[in-house]
**Student:** 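Sharing a structure, written as structure tokens. Questions coming.
So that the names make sense, note that chain A is the first sequence line, chain B the second, and so on, each numbered from 1.
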There are 2 protein chains.
Amino acid sequence: MNLMPPLDFEAPKADRDIDPAAPPCRNCDVVREIAFCADLSADEIKRLASVRCHAQLPAHFTIFREGDRAEHVYSVSHGAVKLYKLLSDGRRQIIGFLFSGDMFGLALDDGYAYTAETLVATQLCRFTHRKLDAMQGQMPRLERRMFTMTVKDLMSAQEQMLLLGRKTAREKVATFLLKLSRRAQVQGLPASPVALPMSRADIADYLGLTIETVSRTFTQLKKDGIIGLPASGHVVLTDEAGLKELAEGASAA
Amino acid sequence: MNLMPPLDFEAPKADRDIDPAAPPCRNCDVVREIAFCADLSADEIKRLASVRCHAQLPAHFTIFREGDRAEHVYSVSHGAVKLYKLLSDGRRQIIGFLFSGDMFGLALDDGYAYTAETLVATQLCRFTHRKLDAMQGQMPRLERRMFTMTVKDLMSAQEQMLLLGRKTAREKVATFLLKLSRRAQVQGLPASPVALPMSRADIADYLGLTIETVSRTFTQLKKDGIIGLPASGHVVLTDEAGLKELAEGASAA
DNA sequence: ACATTCAAATGATAACGATCAAGACCGGAA
DNA sequence: TTCCGGTCTTGATCGTTATCATTTGAATGT
């Protein structure tokens with residue numbers, strides 16, 4: 001797969017889809033409020049838009065690979081993306097699931113430290129590092145926003161270290177479901193029937209477990225009346241308080 | 001311990017130790033080159049120094065606790081610090097060991113997300129978030145440097161997620177030793193007899209293992225001729241290539 | 001030198017999650 | 001509809017690491 005990408009950023013088609021006369025970033029609707037382009041002055045948005053490149057990508061599309069020259073930063077407009085790192089023998093660790101408004105692609109040594117792949121059909125905004133750097137100092141609010149988002153990412157990564165290093169399978173899954181639920185709420189979606197746009201394998205590689213353990217844990221939580229599994233790809237948080245207790249490591253329950 | 005802190009930032013003594021006539025940050029010697037105060041103009045350093053507070057802390061001193069109001073950012077001048085998060089039942093995950101030049105204490109919601117504790121006697125520089133924020137926009141290079149350091153921290157955290165989620169005990173220990181060795185080199189110390197200023201318990205809580213497993217793994221690696229354990233708190237990297245192979249997950253070996 | 005204390009190493013056993021192996025389910029194509 | 005490919009679930013067993021228990025060792029103080 002991905003040998004013949006049906007669409008990519010190079011295709012001018014993507015740019016043509018954006019009405020140049022429209023207020024820049026109008027396309028982004030809600031996302032404007034939470035993405036890194038939020039909180040900017042009209043002038044800043046205009047300037048930012050001039051170096052932006054929008055694209056619609058299909059599901060399971062590799063945006064870039066670990067080690068690729070890091071030329072762009074991305075912002076998710078709509079859809080979902082996963083970031084992962086690999087060991088030489090194929091073991092995989094997913095380091096993040098991204099949704100509308102999330103940013104990715106920052107790198108220091110000219111090479112991405114992870115692979116980025118869409119989970120579902122996804123719209124992205126792309127910015128060139130070089131051009132952003134060139135505007136350095138001219139868009140203080142943007143820089144500050146990117147900084148803040150990076151600090152948030154770091155804190156989230158630290159939470160995940162606690163999960164990976166010290167939580168049980170049950171606690172890991174509970175934490176994961178709550179995180180997804182909260183994230184859905186941020187996007188104005190209901191907290192409870194949570195959509196899981198990723199496969200069991202993805203969940204396993206995010207939580208440091210195997211597919212089988214993830215599956216068994218879902219089944220157990222369902223048996224215990226903590227969650228419901230109405231349809232593939234959807235979870236009902238029947239007992240959110242119970243989930244929270246589990247997630248925080250309240251031994252019993 | 002820490003019930004009667006023998007020294008702290010509030011004590012004016014710490015400030016008196018700094019010669020106000022000396023070029024600011026002269027005390028920091030080498031650290032100046034790698035800390036976040038590096039790469040600043042003379043004017044910026046002067047301004048930064050005006051809101052700085054230096055302190056010498058003893059070993060095993062709690063600098064702040066998870067949940068405390070986040071009022072300061074810190075930079076390690078000399079010594080070593082560990083950052084950790086706790087679960088309600090006491091399970092602990094160390095999310096980082098910090099050395100000269102490292103920064104910590106960034107927070108978003110007014111509360112530190114982790115506890116910070118010295119490993120050994122340590123000198124710190126402290127800055128008030130409020131004052132730094134007040135200077136926002138006036139010290140672009142400082143902001144950029146802090147951003148860069150945060151991105152680096154994030155990438156390091158992502159590496160650690162791969163370790164915690166997907167590496168074996170042996171691979172974890174190998175990775176840890178290599179990381180310490182590289183870090184020592186950055187500080188101009190030799191790569192090979194690496195100092196371990198932290199306890200086995202700290203290492204275990206950093207790698208998501210138990211004390212016993214860490215101990216056994218050290219013993220094994222020694223038996224296999226990959227490392228040497230000349231004295232408590234020191235490790236010789238006998239076979240660095242072997243360690244690297246292990247760390248990257250080269251199944252065999 | 002010896003007692004005391006705490007950290008580290010080692011040993012024995014258990015458990016959680018991994019691995020191996022079927023079988024169930026679901027969606028898409030003919 | 002039926003077949004086919006995949007993912008997900010469930011079952012049986014194994015193994016790595018955790019847990020429990022003890023010994024060794026190193027540092028500190030008397």
Side-chain angles (χ1 to χ4, degrees), chain A residues 1 58-60 82 87 89-93 119-120 163-177 195-224 227-235 246 249 251, chain B residues 1 59-60 82 87 89-93 119-120 163-177 195-224 227-235 246 249 251-252:
Chain A
M1 65 201 71
H60 310 296
K82 68 183 173 197
L87 288 177
D89 63 356
R91 276 174 288 171
R92 188 178 69 148
Q93 179 65 40
L119 288 173
V120 297
L163 177 147
L164 291 169
R166 289 302 180 217
K167 290 187 182 178
T168 65
R170 210 174 152 84
E171 290 163 353
K172 284 176 176 181
V173 171
T175 308
F176 171 68
L177 291 176
L196 302 183
M198 67 290 287
S199 69
R200 291 289 187 267
D202 285 340
I203 298 174
D205 284 344
Y206 182 60
L207 300 178
L209 298 170
T210 57
I211 299 176
E212 294 93 329
T213 300
V214 170
S215 183
R216 275 187 253 268
T217 307
F218 271 111
T219 308
Q220 265 181 259
L221 291 176
K222 183 182 175 183
K223 264 185 202 156
D224 298 346
I227 63 171
L229 299 168
S232 161
H234 290 269
V235 178
L246 256 179
S251 311
Chain B
M1 67 202 73
H60 311 295
K82 68 184 172 195
L87 288 176
D89 63 356
R91 275 173 289 171
R92 188 178 68 148
Q93 179 66 40
L119 288 173
V120 297
L163 177 148
L164 291 168
R166 290 299 180 218
K167 289 187 183 178
T168 66
R170 209 173 152 84
E171 290 163 354
K172 284 176 176 179
V173 171
T175 308
F176 172 68
L177 292 175
L196 303 182
M198 67 292 285
S199 68
R200 292 289 187 269
D202 285 341
I203 298 173
D205 284 345
Y206 182 61
L207 300 179
L209 299 171
T210 58
I211 299 175
E212 294 92 329
T213 300
V214 170
S215 183
R216 275 186 252 268
T217 307
F218 271 111
T219 307
Q220 264 181 259
L221 291 177
K222 184 185 174 181
K223 263 186 204 157
D224 298 346
I227 63 170
L229 299 168
S232 160
H234 291 269
V235 178
L246 256 179
S251 311

**Student:** Whole angstrom is fine here: how far is it from CZ in Arg170(B) over to C1' in dT16(D)?
**Tutor:** 13 Å
**Student:** Indicate yes or no for a side-chain donor-acceptor contact from Arg200(A) to the backbone of Ile211(A) under 3.5 Å, with no hydrogens or angles considered.
**Tutor:** no
**Student:** Verify, without hydrogens or angle tests, whether Gln93(B) (side chain) and Asp205(B) (backbone) share a donor-acceptor contact under 3.5 angstrom.
**Tutor:** yes
**Student:** Can you pull out the residues from residues 195-208 of chain B that lie within a 4.0 Å heavy-atom distance of DNA chain C?
**Tutor:** Ser199(B), Arg200(B)
**Student:** Does Thr175(B) use its side chain to pair, donor to acceptor, with the backbone of Glu171(B) at less than 3.5 Å?
**Tutor:** yes
**Student:** Across the strands shown, which category fits Thr210(B) at heavy-atom distances under 4.0 angstrom: base, sugar-phosphate, nothing?
**Tutor:** base
**Student:** For dA18(D), take OP1 and OP2 only and decide whether either is under 4.0 Å from a side-chain N or O of Thr213(B).
**Tutor:** yes
**Student:** Give the rounded distance in Å between these two atoms: NE2 of His234(A) and C1' of dC26(C).
**Tutor:** 14 Å
**Student:** What is the distance, to the nearest angstrom, from the NE2 atom on His60(A) to the C1' atom on dG6(D)?
**Tutor:** 12 Å
**Student:** Can you tabulate the close N/O pairs, meaning under 3.5 Å, that link protein atoms to atoms of nucleotides 12-15 of chain C?
**Tutor:**
unit_1	atom_1	unit_2	atom_2	d
dA12(C)	N6	Arg216(B)	NH2	3.4

**Student:** Any carboxylate oxygen within less than 4.0 angstrom of a Lys/Arg side-chain nitrogen, looking at Asp202(A) and Arg92(A)?
**Tutor:** yes
**Student:** Could you write out each protein N or O paired with an N or O of nucleotides 27-29 of chain C at a distance under 3.5 Å?
**Tutor:**
none

**Student:** Test Leu177(A) against Leu196(A) for side chain to side chain contact (heavy atoms under 4.5 Å, CB included), laying out the working first.
**Tutor:** CA-CA 9 Å; Leu177(A) 291 176; Leu196(A) 302 183; 4.3 Å; yes
**Student:** Atom CZ of Arg166(A) and atom C1' of dC16(C): how far apart are they, to the nearest Å?
**Tutor:** 14 Å
**Student:** Nearest nucleotide by nearest heavy atom, which residue falls closer to the 5' end of DNA chain C, Ser232(A) or Lys167(A)?
**Tutor:** Lys167(A)
**Student:** Rounding to an integer number of Å, can you tell me how far Asp89(A) CG sits from dT19(C) P?
**Tutor:** 11 Å
**Student:** Given atom CG of Leu221(A) and atom C1' of dT9(D), what is their separation to the nearest angstrom?
**Tutor:** 15 Å
**Student:** Which heavy atom of Pro197(A) sits nearest a heavy atom of Ala195(A), and at what distance?
**Tutor:** CD-O, 3.3 Å
**Student:** Could you tell me how far apart Ile211(B) (CD1) and dG11(C) (C1') are, to the nearest whole angstrom?
**Tutor:** 16 Å
**Student:** In whole Å, I'd like the distance from the CD atom of Gln220(B) to the P atom of dA8(C).
**Tutor:** 18 Å
**Student:** Using a heavy-atom cut-off of under 4.0 Å over every strand shown, decide if Thr168(B) touches base, sugar-phosphate, or nothing.
**Tutor:** sugar-phosphate
**Student:** Classify the side chain of Glu212(A) versus the base of dC8(D) as yes if they form a donor-acceptor pair under 3.5 Å and no if they do not.
**Tutor:** no
**Student:** I want to check one thing: is the phosphate of dT9(D), taken as OP1 and OP2, less than 4.0 Å away from some side-chain N or O of Ser215(A)?
**Tutor:** yes
**Student:** If you measure from the Lys or Arg side-chain nitrogens to the Asp or Glu carboxylate oxygens, is any gap between Arg170(B) and Asp224(B) under 4.0 Å?
**Tutor:** yes
**Student:** From dT19(C), dT10(C), dT17(D), pick the nucleotide closest to the side chain of Ala169(B)?
**Tutor:** dT17(D)
**Student:** Have a look at Leu209(A) and say if it touches a base, only the backbone sugar-phosphate, or nothing, with a 4.0 Å heavy-atom cut-off.
**Tutor:** sugar-phosphate
